[in-house]
Amino acid sequence: MSITMTKQDFGTRPVERRETDNYVREYVEPFVDKWDELIDWDSRAASEGDFFIRVLKERGAKRVLDVATGTGFHSILLREAGFDVVSVDGSAQMLAKAFDNGRKRGHILRTTQADWRELNRDIYGRYDAVVCLGNSFTHLFNENDRRKALAEFYSALNHDGVLILDQRNYDAILDHGYSSTHTFYYCGDNVSVYPEHVDPGLTRFRYAFPDQSVYHLNMYPLRRAYVRRLMREVGFQQIETLGDFKETYHEQEPDFFIHVADKR
Ligand code: SAM
């Protein structure tokens with residue numbers, strides 16, 4: 001039996017919610033539906049360009065494991081680009097939504113519900129690439145969980161596999177202070193995303209929609225160099241980190257980083 005959650009509940013002290021397991025309760029149905037309704041997939045695809053597809057094709061990747069499927073955006077795009085994709089998420093609600101989105105575009109997604117920390121218990125075989133996109137890794141709130149997840153991604157890969165993992169540029173947010181961080185606008189000014197609270201252990205983002213509804217996500221502010229170090233320590237041999245300048249509003253610094261980590 002699956003229980004559909006409609007309300008976020010961060011308790012009486014939301015900034016104290018710093019647990020890895022929170023993610024399952026944060027992506028409640030109305031929040032996910034609104035995001036999907038307003039963020040047009042075609043314009044999102046246009047703004048990302050074919051970056052991920054190019055990286056995967058350069059390496060001759062065929063089997064791709066999307067470990068942060070969410071509502072299916074990357075899984076579906078990668079399938080449409082010809083990759084053999086398995087779609088994983090720890091949230092059954094997200095996978096159900098991804099499956100529906102896939103069906104609307106004529107695909108039957110192959111979905112597996114799994115938490116990253118136990119990924120290899122639930123998937124079969126090895127992959128040429130693991131993708132963890134859309135600022136997802138930030139949901140892990142302690143270092144053991146991050147190491148475990150990266151180790152699971154590593155062992156899900158073939159010997160010459162690649163991990164592509166992106167993250168928001170938290171260095172800019174942490175270093176310049178929360179008062180100077182900007183609001184990110186998506187879809188014109190339809191959705192505004194703003195870091196309401198920032199400290200070294202938490203960035204609490206506020207998502208406001210045109211119907212005045214407001215949701216939050218508590219995320220761990222990952223520094224770029226720290227993520228690179230963890231990847232190296234887990235065994236990835238070459239890590240290239242790119243800045244993405246393509247978001248809607250930007251100053252000098254990129255809003256996102258993309259790590260491309262090769263196993264050999
Ligand atoms: N990649 C999609 C996109 O860009 O639209 C979705 C990104 S969404 C921000 C993050 C996803 O990661 C959510 O669907 C969430 O359920 C999943 N997630 C977060 N922590 C996880 C974990 N420990 N194990 C499995 N999935 C997790």
Side-chain angles (χ1 to χ4, degrees), residues 2 4-5 8 17-29 31-45 47-48 51-52 64-79 85-102 109 111-123 129-153 156 163-168 170 184 186-187 191 193 203-205 207 215-220 222 244 246-247 255-258:
S2 88
T4 303
M5 284 168 294
Q8 288 188 320
R17 279 289 168 89
R18 296 167 190 232
E19 294 97 38
T20 296
D21 292 329
N22 281 345
Y23 74 93
V24 182
R25 290 182 296 274
E26 287 181 322
Y27 290 104
V28 295
E29 202 173 25
F31 179 26
V32 171
D33 284 350
K34 241 171 252 172
W35 184 262
D36 240 16
E37 236 169 70
L38 291 165
I39 308 298
D40 175 63
W41 281 27
D42 293 334
S43 43
R44 187 174 172 195
S47 84
E48 282 189 4
F51 176 81
F52 301 120
V64 178
L65 187 68
D66 179 0
V67 291
T69 298
T71 62
F73 176 75
H74 292 107
S75 284
I76 292 168
L77 251 63
L78 292 174
R79 276 181 75 111
V85 184
V86 171
S87 308
V88 168
D89 202 288
S91 155
Q93 203 157 301
M94 283 302 220
L95 284 179
K97 182 86 184 157
F99 193 81
D100 271 1
N101 282 337
L109 292 193
T111 58
T112 299
Q113 184 184 357
D115 188 281
W116 303 328
R117 292 163 290 175
E118 291 170 340
L119 182 67
N120 289 277
R121 193 188 61 182
D122 299 312
I123 59 161
V130 168
V131 297
C132 182
L133 301 174
N135 196 35
S136 298
F137 196 65
T138 182
H139 282 292
L140 300 173
F141 266 94
N142 69 65
E143 183 158 317
N144 274 349
D145 290 339
R146 281 175 219 122
R147 286 185 186 280
K148 183 74 165 92
L150 286 177
E152 293 284 318
F153 298 165
L163 166 67
I164 310 177
L165 184 151
D166 70 5
Q167 62 165 102
R168 208 177 259 293
Y170 289 109
F184 304 87
Y186 296 85
C187 264
V191 188
V193 182
T203 307
R204 179 167 164 82
F205 278 97
Y207 293 72
Y215 298 89
H216 291 86
L217 291 177
N218 281 10
M219 295 165 154
Y220 180 83
L222 296 160
D244 170 14
K246 290 200 188 100
E247 239 193 63
D255 287 329
F256 273 86
F257 292 124
I258 302 159

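Ligands are counted one by one from 1 in listed order, and the atoms in each one are counted from 1 as well.
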Scan side-chain atoms only and decide if R25 and N22 contain a donor-acceptor pair under the 3.5 Å cut-off. yes
Judged by heavy atoms only, the candidate from S136, G70, A149 nearest atom 7 (C) of ligand 1 is S136
Under 3.5 Å between any N/O of D115 and any N/O of ligand 1: does that happen in this structure? yes
On a heavy-atom basis, I'd like to know which of W41, Y23, F137 is closest to atom 21 (C) of ligand 1. Y23
Give the atom numbers and elements of ligand 1 that come within less than 4.0 Å of a heavy atom of G134. 4 (O), 7 (C), 9 (C)
Is there side-chain contact between H74 and V64, with at least one heavy-atom pair below 4.5 Å? no
How many angstroms lie between atom CZ of R18 and atom CG of N218, to the nearest 0.5 angstrom? 8.0 Å
On a heavy-atom basis, I'd like to know which of R44, E26, E48, H74 is closest to atom 5 (O) of ligand 1. R44
A114: heavy atom below 4.0 Å from ligand 1, yes or no? yes
Examine G90 against ligand 1 and note whether any of their N/O atoms are separated by less than 3.5 Å. yes
How far is atom 13 (C) of ligand 1 from its nearest protein heavy atom, and which residue and atom name does that atom have? D89 OD2, 3.5 Å
Quick check: N135 and ligand 1, any N/O pair under 3.5 Å apart? no
Of the protein's non-hydrogen atoms, which lies at the shortest distance from atom 2 (C) of ligand 1, and what is that distance? A68 O, 3.3 Å
Side chain, backbone, both or neither: which part of Q93 comes within less than 4.0 Å of ligand 1 when only heavy atoms are counted? neither
Give yes if a backbone or side-chain nitrogen or oxygen of L133 is under 3.5 Å from a nitrogen or oxygen of ligand 1, and no if not. yes
Could you tell me if the ring centre of W35 sits under 6.0 Å from that of Y207? yes
Does any part of the side chain of L119, heavy atoms only, come nearer than 4.5 Å to the side chain of V88, both counted from C-beta? yes
Part of T69 within contact of ligand 1 (heavy atoms, under 4.0 Å): backbone
Heavy-atom contact check, 4.0 Å cutoff: does V131 meet ligand 1? no
